[in-house]
> 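Please find one structure pasted underneath; my questions will follow.
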Amino acid sequence: MNNPKLIREKYDETKSSLISKKVSPELIEEYKERDELWRAEGIALDELKHQRKGLMPKGKPSPEQLALLKETSEKIKLKQERVSELDRECHDLALSMPNVPDSSAPVGISEEDNVELSKWGKIPEFDFEAMDHEHLGVGLGMFDLKTAAKVTGSRFVIYKNKGAKLERALINFMLDTHSKAGYEEILPPAVVHEDSMVGTGQLPKFSHDSFKIDETPYWLSPTAEVQLTNMERDNVIEEGTLPINYVAYAPCFRKEAGTYGKDIRGIFRQHQFNKVELVKFVTPETSMDELEKLTGHAETILKLLGLPYRKVSLCTGDLGFSAAKTYDLEVWFPSQKKYREISSCSNFLDFQARRALIRCRRSNNAQVEYLHTLNGSGLAVGRTFAAILENYQTNGGSIIVPDVLKPYLNLEIIENE
RNA sequence: GGAGAGAUACCCAAGUGGCUUAAGGGGACGGUUUGCUAAACCGUUAGUGUUCGAAAGGGCAGCGAGGGUUCGAAUCCCUCUCUCUCCGCCA
């Protein structure tokens with residue numbers, strides 16, 4: 001949720017900023033109008049309530065008093081209905097409005113306008129035709145999509161044998177690495193309450209992207225960002241304990257509606273996938289520095305695994321709903337000859353903190369204010385798995401195990417026996 | 001899943017329709033006293049949200065959550081959530 005004062009006091013600036021994030025001008029105008037009405041009517045209502053307090057008798061009211069009380073209460077009731085209606089309208093509009101992009105985010109319409117900031121690693125050159133990760137993985141018996149389609153459905157996977165071990169090794173490697181960097185390890189529920197989904201911005205607008213558990217207020221979490229960020233929902237955190245850094249492994253569930261025919265090969269885009277997530281709670285003045293740190297921690301995983309990647313800054317049109325600024329990390333896929341997203345690191349400023357009511361208490365003056373939240377994938381495990389297969393393949397279709405994973409797998413090479 | 005008991009502020013806790021502007025205690029903080037500490041005594045302690053205001057400072061809401069009854073609700077009614085005790089089932 002954006003600070004309502006932005007629309008009230010910096011209307012033109014905020015409006016054009018939101019338009020760059022594809023919000024319709026009508027929506028913004030409607031919000032402004034509703035907000036003004038809500039405030040005016042709210043003041044009138046408070047005034048009436050104040051009046052009634054003065055009229056309250058110490059004991060039983062006399063008939064004259066009673067008549068006056070009844071009249072005032074009747075007015076309050078009508079005004080209250082009006083205010084509640086406006087309040088609901090404002091709240092709904094505010095919840096469906098995305099975060100205002102940070103001024104450092106490049107202005108643009110789509111993915112095409114994202115700005116590449118850096119590249120790391122050497123793109124592997126093979127003296128043979130590079131296979132895609134599905135051929136490699138299925139060929140080595142590491143995962144089975146057909147059986148998963150029978151057991152569950154399409155876009156699900158069953159990892160097997162060394163594939164199962166590689167997936168688990170990656171999770172452990174990522175958790176260990178981030179723990180060493182100062183993140184507190186969390187193992188959260190995979191299921192979250194709808195209130196949490198509202199807190200981080202998945203609801204109410206994007207209900208079609210996630211799975212709801214029928215007849216309950218629960219959802220299958222689309223990212224551990226939801227669990228980790230909402231752990232501090234409704235809390236006031238002492239400034240001295242910030243920054244709070246959490247790392248969690250969790251399975252993530254996404255409907256992937258509207259992606260039919262996209263990334264149908266292999267395990268790149270699944271309804272259920274594993275992800276290691278980083279979340280930070282920080283003081284407002286440090287959040288942009290913390291975004292650099294957070295992105296650096298995600299990059300560390302790619303570097304340690306020796307996977308070539310690039311870092312891009314998302315343009316305003318490509319920014320997620322809740323994000324003010326986002327760096328995507330994209331890893332090289334030899335079979336596609338393209339960099340593909342493997343991590344997304346975002347600063348939400350106080351947008352999620354307002355929705356989820358997460359505040360910090362300043363140590364010098366005891367003032368309470370909204371803190372800033374950030375998160376980043378560190379990394380998407382399934383995509384890391386796929387990238388390792390493709391980048392570490394050999395001519396025979398076997399996979400050289402990256403050095404840092406050897407202690408986890410007790411293997412030098414993954415090959416058919 | 002069944003039966004029962006709870007939820008009041010930082011903690012404990014009183015409060016069954018208007019005398020509550022939520023008592024009292026503990027703790028915390030400030031002060032008096034003191035060489036220092038403790039004790040004693042005095043005082044402060046409703047966080048937060050929202051709104052009005054340049055500010056100082058006001059208003060409104062808040063007794064687990066949401067509805068309802070009433071001129072008026074912490075208090076009466078309904079629904080829900082969570083905690084505890086017991087029974088059943090279960091990895």
Side-chain angles (χ1 to χ4, degrees), chain A residues 1-11 31-95 97 187-199 203-204 212-219 227 230-242 251 281 283-284 350-371:
Chain A
M1 200 142 34
N2 287 302
N3 186 344
K5 287 191 174 127
L6 280 179
I7 298 261
R8 288 175 201 161
E9 290 162 18
K10 293 183 180 169
Y11 180 63
Y31 173 78
K32 182 182 162 65
E33 184 209 309
R34 296 282 104 175
D35 180 58
E36 277 166 8
L37 257 178
W38 171 73
R39 278 189 292 157
E41 295 284 30
I43 290 166
L45 174 66
D46 285 357
E47 181 55 36
L48 282 170
K49 283 183 173 172
H50 185 54
Q51 260 178 42
R52 184 172 66 183
K53 269 193 179 176
L55 295 172
M56 281 298 175
K58 289 291 182 199
K60 289 275 174 217
S62 66
E64 302 82 53
Q65 282 178 320
L66 191 61
L68 192 54
L69 279 168
K70 275 188 177 172
E71 191 193 322
T72 313
S73 285
E74 190 55 33
K75 278 191 213 160
I76 288 174
K77 201 177 169 186
L78 288 173
K79 191 63 84 180
Q80 181 70 64
E81 277 168 17
R82 175 77 177 130
V83 171
S84 300
E85 189 192 337
L86 285 164
D87 189 41
R88 206 165 31 246
E89 285 172 1
C90 281
H91 194 67
D92 289 352
L93 284 169
L95 280 181
M97 224 173 309
L187 187 57
V191 172
V192 294
H193 196 275
E194 61 189 6
D195 291 347
S196 295
M197 295 281 280
V198 172
L203 292 180
K212 184 167 199 286
I213 301 176
D214 206 15
E215 293 175 353
T216 72
Y218 300 146
W219 295 71
Q227 292 95 313
N230 281 282
M231 279 170 66
E232 303 298 339
R233 175 149 52 89
D234 295 325
N235 284 352
V236 178
I237 301 165
E238 297 299 328
E239 183 182 2
T241 66
L242 296 176
F281 303 85
T283 53
D350 63 1
F351 185 85
Q352 292 181 328
R354 277 178 192 282
R355 290 178 157 243
L357 213 67
I358 310 171
R359 294 141 297 167
C360 69
R361 187 185 308 283
R362 293 294 189 174
S363 38
N364 53 350
N365 57 6
Q367 276 289 316
V368 170
E369 61 186 276
Y370 291 108
L371 48 67

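In what follows, chains are A, B, ... by sequence order, proteins preceding strands, each numbered from 1.
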> Can we say A:R359 and A:E369 salt-bridge, meaning some charged N sits less than 4.0 Å from an Asp/Glu carboxylate O?
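Here A:R359 does not pair with A:E369 in a salt bridge, since their nearest N and O are not under 4.0 Å apart.
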> State whether a side-chain donor-acceptor pair under 3.5 Å links A:K49 with A:Q80.
yes
> From CG of A:N235 over to P of B:G47, roughly how many Å is that when rounded to an integer?
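Result: 18 Å.
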> Answer yes or no: is there a donor N or O on one side and an acceptor on the other, between the side chain of A:T72 and the main chain of A:L68, under 3.5 Å?
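Flag set: sc A:T72 to bb A:L68 pair under 3.5 Å.
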> Between A:D195 (CG) and B:U81 (P), how many Å, whole number?
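In whole Å, B:U81 P and A:D195 CG are 13 Å from each other.
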> Taking a pair as Watson-Crick or G-U wobble with both distances under 3.5 Å, which nucleotide is matched to B:U81?
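Checking every strand shown, B:U81 finds its partner in B:A7, with both distances under 3.5 Å.
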> Applying a 3.5 Å limit to both distances, which nucleotide forms a Watson-Crick or G-U wobble pair with B:A38?
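Base partner found: none.
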> Please give me every residue in residues 70-81 of chain A whose heavy atoms get under 4.0 Å of an atom in RNA chain B, ordered by residue number.
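Output list: A:K70, A:S73.
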> Per the salt bridge (charged side-chain N to carboxylate O under 4.0 Å, His left out) rule, what does the pair list look like for residues 83-93 of chain A, sequence neighbours excluded?
A:R34-A:E89
> Between A:Y11 and A:K32, is there a cation-pi geometry (under 6.0 Å to ring centre, at most 45° from the normal)?
yes
> Say we look at B:G66 and B:A9: how far apart would their P atoms be, to the nearest angstrom?
15 Å
> Is the glycosidic torsion of B:G62 within 90° of 0, making it syn, or is it anti?
syn
> Closer than 4.0 angstrom, basic N to acidic O: yes or no for A:E239 and A:R361?
no
> Is B:G18 paired to anything, Watson-Crick or G-U wobble with both distances less than 3.5 Å, and if yes, which nucleotide?
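Here B:G18 is engaged in a pair, and the nucleotide opposite it is B:C71.
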> Could you give the distance separating B:U37 and B:U44 at their P atoms, to the nearest angstrom?
24 Å
> Using the P atom in both, what is the distance from B:A73 to B:G62, to the nearest Å?
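The answer is 9 Å between these two P atoms.
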> So does A:E238 get a backbone contact from the side chain of A:T241, meaning a donor-acceptor N/O pair under 3.5 Å?
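Flag set: sc A:T241 to bb A:E238 pair under 3.5 Å.
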> With a 3.5 Å limit on both atom pairs, tell me what B:C86 is paired to, counting Watson-Crick and G-U wobble, or say none.
B:G2
> At under 4.0 Å between heavy atoms, how does the protein contact nucleotides 48-54 of chain B? Give one character per nucleotide, 5' to 3', with B, S or -.
SSSSS--
> Can you tell me how far P in B:A74 sits from the matching atom in B:G64, rounded to whole Å?
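10 Å, rounded to whole Å.
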> Who is the Watson-Crick or G-U wobble partner of B:G43, with both distances under 3.5 Å?
B:C29
> Roughly how many Å apart are B:A54 and B:U48, using the C1' atom of each and rounding to a whole number?
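These two C1' atoms come out 25 Å apart once rounded.
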> If only atom types and distance count, is the side chain of A:N3 paired as donor or acceptor with the main-chain N or O of A:K5 below 3.5 Å?
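Yes; at least one donor-acceptor contact below 3.5 Å.
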> Which whole number of Å gives the distance between the P atom of B:U75 and that of B:G67?
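My reading of the P atoms in B:U75 and B:G67 gives 14 Å.
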> Under 4.0 Å: is that the gap between some side-chain N or O of A:H50 and OP1 or OP2 of B:G59?
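For A:H50, the contact criterion (side-chain N or O under 4.0 Å from OP1 or OP2 of B:G59) is not met.
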> Quickly work out the A:L68 CG to B:G72 C1' distance and round it to whole Å.
13 Å
> What is the distance, rounded to the nearest whole Å, between atom NE2 of A:H193 and atom P of B:U81?
9 Å
> Round to the nearest Å and state the distance from A:D234 atom CG to B:G47 atom P.
18 Å
> Distance between the P atoms of B:G18 and B:G53, in whole angstroms?
37 Å
> Mind checking the P distance from B:A91 to B:A14? Whole angstroms is fine.
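My reading of the P atoms in B:A91 and B:A14 gives 42 Å.
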> Can a donor-acceptor pair be found, under 3.5 Å and without considering hydrogens, that links the side chain of A:Q227 to the backbone of A:P189?
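Here the side-chain-to-backbone pair exists.
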> Under a 3.5 Å cut-off for both contacts, is B:A23 paired Watson-Crick or G-U wobble with anything, and if yes, with which nucleotide?
none
> Which heavy atom of A:Y31 sits nearest to which heavy atom of A:C90, and what is that distance?
CE1-O, 3.7 Å
> Is the side chain of A:R233 donor-acceptor paired with the backbone N or O of A:G199 at a distance under 3.5 Å, no angle test?
no
> Between P on B:C10 and CD on A:E238, what's the gap in Å once rounded to a whole number?
13 Å
> Using heavy atoms to find the nearest nucleotide of RNA chain B for A:L69 and A:Y218 separately, return the residue whose nucleotide is more 5′.
A:L69
